[in-house]
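Single-structure report; data block below.
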Amino acid sequence: MTNKILLFAFSFLSLILCHSVFANNSRVDRYNLLWTSQSKGSHESMPCGGGDIGLNVWVEQNDVLFYFCRSGSFDENNGFLKSGRIRIKLSPNPFGSRDFTQELKLEKGCVEIKGGGTEIQIWVDVFRPLIHVEIAGVTPFDIEVFYENWRYEDRPIRKGEGNATSYKWVIPEGLVTRKDSVVIENDAVCFFHKNDSPNIFDKTVAQQGLEAVKSTLYNPLEKLIFGGKLWGDYLEYNRSGTGRYADTDFKYWSLKSVKSSTYHHVYIALHTAQENFLSEWKEDLDSILVEAYNPSAKRETQQWWSDFWERSFVLIDKDNQDSSPWKIGRNYQLFRYMLGCNAYGSYPTKFNGGLFTFDPCFVDTAQFFTPDYRKWGGGTFTAQNQRLVHFPMLKSGDFDMMKPQFDFYLRLLKNAETRTKIYWGHEGACFTEQLENFGLPNPTEYGWKRPEYFDKGVEYNAWLEYQWDTVLEFCLMILETKRYCDADITAYLPLIKSCLTFFDEHYRWLAERRGIKSLDQNGHLVLYPGSACETYKMAYNASSTVSALKVVLEKMIDLSEDLEEKDRWTKMLSRIPPLSLTTRNGKKMIAPAKLWERINNEESPQLYPVFPWRVYSIGKEDLDVAVNTYYHDPDVVKFRSHVGWKQDNIFAACLGLTEEAKELTLLKMRDGSFRFPAFWGPGFDWAPDHNWGGSGMIGLQEMLIQTIDDKIYLFPAWPEEWDVHFKLHVDKVTTVEVELVDGKLRNLIVSPSNRSKDIVNTIQN
C-alpha cells in the first residue's frame with residue numbers, strides 16, 4: 001500500500017509540474033486549441049493520442065467522453081473497429097461554472113480540461129499502449145467511469161453500412177459485426193474482440209482462385225484478438241446498464257471511486273495480437289498493466305512530443321492570429337499532430353479518418369450507423385489516397401512515421417508475387433489500387449459477378465482495372481528516405497526490385513499474346529492496357545506510369561553497387577517509352593497517355609510528371625511544357641479543385657505558380673467544417689479526411705522549399721507578403737531553418753553548413 005501511495009503522490013505531482021515542463025517550446029504552443037464551451041456531440045471532439053492510439057475527446061452535458069481506437073483493430077469483415085467509448089462523471093460537477101476550458105496542448109500531446117477548480121489531463125503513452133486520465137481538484141470529489149460498448153451483441157450490418165467493411169456495397173445475407181466479450185475482473189472492465197473463421201480473407205481467396213496456395217498466404221485476420229482493460233486507483237465495480245448515443249444503442253459497465261479524493265487516476269491498457277489462445281493474449285495484457293505505473297512514462301512521452309515539434313515546423317504570420325495565413329500554419333501543425341498519434345502503428349495511418357472518426361450521422365445524416373462506420377473500408381488501403389498522407393513526412397522529417405506504410409507493403413510482398421505467378425506465370429509483385437491488408441484486391445472492387453473468361457489477375461472494375469503503378473510512389477518514398485536521412489533501406493530493396501520486375505515482365509508477356517514481338521519498333525515496352533490513375537482508362541503508355549518507371553529505375557541505378565544489377569536496371573530503363581506530348585492551339589503539353597479509350601474519373605495524371613516524379617520542375621528545361629499543361633489542358637482545368645485528394649495546389653507550387661498556389665492553399669488549408677479546424681471532409685472519402693490534410697501539407701511545403709539536383713530553392717512559390725518562419729528537411733541529411741519578414745530573408749540556418757552554397761533564394765531582396 002505504501003508503494004501505491006508514493007506512486008499516487010508522484011502522479012499528482014507530475015500533473016502539477018507539467019505546466020512548467022518544456023515551457024520554452026514557444027513555437028508550437030501558440031497553436032494550442034482552446035475551447036471555452038462544452039461540445040454538442042462527438043463531431044465537436046478534439047483529437048488526442050500517441051504511439052498508435054487515437055482518442056476523440058469532448059465534454060457534453062458535463063460528462064467527459066472519448067472514443068478510443070488502436071491501429072490494427074480489424075474484425076472478420078475487415079471493419080476497423082473502435083475499442084469503445086469512455087464516459088466520466090464527476091461529483092460534485094465542476095463544469096457548471098463559467099471558467100470551463102478544454103485545450104489541446106500540442107507541446108505535451110495531451111488534452112487538458114478545467115472547470116470549478118478541477119483539472120483533467122488525458123494523454124496516451126507514446127511507447128506503451130496505455131491511456132491515462134488524471135483528475136485533480138482542490139477539494140475531494142467522486143468519479144464514476146463508464147465503459148460503453150455497442151457491440152455487446154452481434155449487430156446485423158444494414159444496407160449501406162457495408163461500406164465500413166471490405167464487402168462495401170455487396171453485403172452477404174446475414175452478415176453481422178460479431179459481438180465483443182466484456183467481463184468484470186478484479187474491479188476492472190476487460191473487453192476484447194476475437195476474430196473467428198471464416199472471415200473476409202477466406203472468402204476473398206476463394207473468390208480470386210487462390211485456394212490451392214491459401215496456406216502460403218499472409219493472413220493478418222486469423223486468430224486476431226484486440227481489446228484491453230479499464231481500471232483505476234481506488235475504483236471498484238459499480239453497475240451495468242444500457243443507453244443510447246446518437247444513432248446507436250449501447251451497454252455500459254461502470255467503476256466508481258471507493259472514497260472521495262482530490263486526485264483520481266484512470267488507466268486503459270490495450271493489446272492486439274494473433275494468439276492461439278485467449279489465455280496467451282491475457283498474459284501479454286497483464287504485462288502491459290504493470291507498465292501503467294512506470295514513473296518516467298509521462299516525461300518520456302512529453303519529451304517525444306517536444307522532440308517531434310523541434311524537428312520541423314511552419315509558422316506563418318505568427319503575430320496575427322486573426323489572419324488566414326496564420327490559420328493555415330495552425331492547421332498544418334494540428335494535422336501533423338494527428339499524424340504523430342500513429343507514429344508507431346502496426347498499420348499506416350488510414351486516409352479515410354485515421355484514428356479519429358466519430359458518429360457518422362454528424363458527417364451525413366443518412367448514415368445512421370455505429371461509431372465504427374467510415375466509407376471506403378476499414379482494412380482496405382487505397383494507394384492513391386495513402387500516398388498523400390505519407391509524402392509530407394519527408395520534408396517534415398517524420399521518417400519514423402513512414403515505416404508502418406513501408407512495412408505494410410513489405411509484409412504483403414509474398415502474396416503479391418504469388419498472385420502474379422498463379423495468374424500469369426511470370427515473376428514480380430502486382431499490387432492493386434484498392435488493396436486489402438492481406439495483399440489481395442478488395443473483393444467487391446475485384447467483382448463478385450465477373451465473367452469466367454475475364455483475366456483473374458485484373459479487377460473487373462471500370463475505375464481500377466490495370467491500375468498497378470501507385471506502388472511505385474511508395475518505392476519512391478523508400479528511396480527518398482535514403483536520400484533524405486541516409487536510412488538503411490536494405491530490407492525494402494526486394495520490394496522495389498519485384499515491383500519493377502512485374503512491369504518489365506508483364507507487359508512483354510501481354511505483347512507476346514497479342515503478336516510475335518514483345519517490344520515496339522523502338523525497343524520500348526508497350527504499356528497497354530494501362531491506366532492513368534482512375535481517369536484515363538485502357539491507356540497506352542500512361543504518363544503517370546512512364547514517369548514512375550523512369551524515375552524509380554534511375555534511382556535504383558544510382559543506388560546499385562553490384563555491376564550486374566546496375567546493368568539490369570540500365571537495360572530496363574532503355575525499354576521505357578518516352579512521355580507522350582501533345583499540342584493544342586500551338587502550345588506543347590504533356591498528354592495523359594499516348595492513347596486511351598475513355599475518361600472515368602477527374603484526376604490529372606498528365607501532371608504526375610511534375611509531382612511526384614519531378615520530371616518537370618523549376619530549374620529544369622522545358623518547364624513551359626508542364627506550365628502549359630496546367631493552364632491549357634481542358635481536362636486539367638475542368639478537374640481543378642481544392643477538395644479532398646485534389647493535388648492542384650501541389651502542382652501549382654511545384655511549377656512555381658505563386659498566385660495559384662496561394663489561392664488553392666487558402667481554400668484547402670482553411671478551417672474544416674467541424675469544430676476542430678483540421679477535421680476536413682468528407683470530401684470524396686470520409687471525415688476527418690486525411691488525404692485532404694496530407695495534400696495540403698505537401699503543397700505548403702513545396703511553396704516553401706524544393707530541391708532540384710543539388711540546388712535548394714527557397715520560397716519558389718511563396719507570396720512575399722506572408723511572413724513565415726520554418727524548419728524543414730531536404731535531401732543529403734539537411735535541414736533548413738529560415739525566417740521571411742516583410743519579404744526579406746532573416747536568420748538562415750542550414751545544417752550541415754556546407755550546403756549553404758546550394759541555396760537559391762527565389763525572393764530577391
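Computed from a predicted structure; not experimentally measured.
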Using a strict cut-off of less than 4.0 Å between a Lys/Arg side-chain nitrogen and an Asp/Glu carboxylate oxygen, indicate whether Asp648 and Lys668 qualify as a salt bridge. no
Nearest-0.5 Å distance that lies between atom OH in Tyr507 and atom CG in Leu549: 9.5 Å
Ring-ring centroid check Phe358 Phe674, cutoff 6.0 Å: yes
Looking at Trp686 versus Tyr373, is the centre-to-centre ring distance below 6.0 Å? yes
Does Lys537 qualify as a cation-pi partner of Tyr466, given the criterion of NZ or CZ under 6.0 Å from the six-membered ring centre and within 45 degrees of its axis? no
Kindly assign one of parallel, tilted or perpendicular to the pair Phe408 and Tyr347, based on the angle between their ring planes and the thresholds 30° and 60°. perpendicular
Mind checking the OG-CD spacing from Ser544 to Gln467? Nearest 0.5 Å is all I need. 7.5 Å
Identify, with sequence neighbours excluded, every residue that meets salt bridge (Lys or Arg N to Asp or Glu O under 4.0 Å) alongside Lys555. Glu480
Working note: Glu534 + Asn601, criterion side-chain hydrogen bond (donor to acceptor under 3.5 Å, both in side chains); need CA distance, chi angles, decisive distance, verdict. CA-CA 6 Å; Glu534 294 182 15; Asn601 206 335; 3.1 Å; yes
Report the relative orientation of the aromatic rings in Trp424 and Phe502; use parallel for angles under 30°, tilted for 30 to 60°, perpendicular for over 60°. tilted
Donor-acceptor pair, side chain of Thr382 and main chain of Gln384, under 3.5 angstrom: no
Using salt bridge (Lys or Arg N to Asp or Glu O under 4.0 Å) as the criterion, list what pairs up with Arg670, not counting sequence neighbours. none
Would you call the rings of Phe651 and Tyr608 parallel, tilted or perpendicular, where under 30° means parallel and over 60° means perpendicular? tilted
Pair listing, ring pair (Phe, Tyr, Trp, His ring centres under 6.0 Å) test, anchored in residues 513-550, at least two apart: Tyr536-Trp596
Compute the centroid of each ring, for Phe438 and then for Tyr218, and state whether the two points are separated by less than 6.0 Å. no
Hey, could you give me the CD/OG distance between Glu512 and Ser518, rounded to the nearest 0.5 Å? 5.0 Å
For residues Trp468 and His506, establish whether the separation of their ring centroids is below 6.0 Å. yes
In Å and rounded to the nearest 0.5 Å, what is the CD to CD distance from Glu473 to Gln386? 12.0 Å
Is the ring pair Phe474/Tyr409 parallel, tilted or perpendicular, if the boundaries are 30 and 60 degrees? tilted
Cation-pi check, Arg387 to Phe351: give yes when NZ or CZ is under 6.0 Å from the six-membered ring centre and within 45° of the ring axis, no otherwise. no
Less than 6.0 Å separating the ring centroids of Phe679 and His43? no
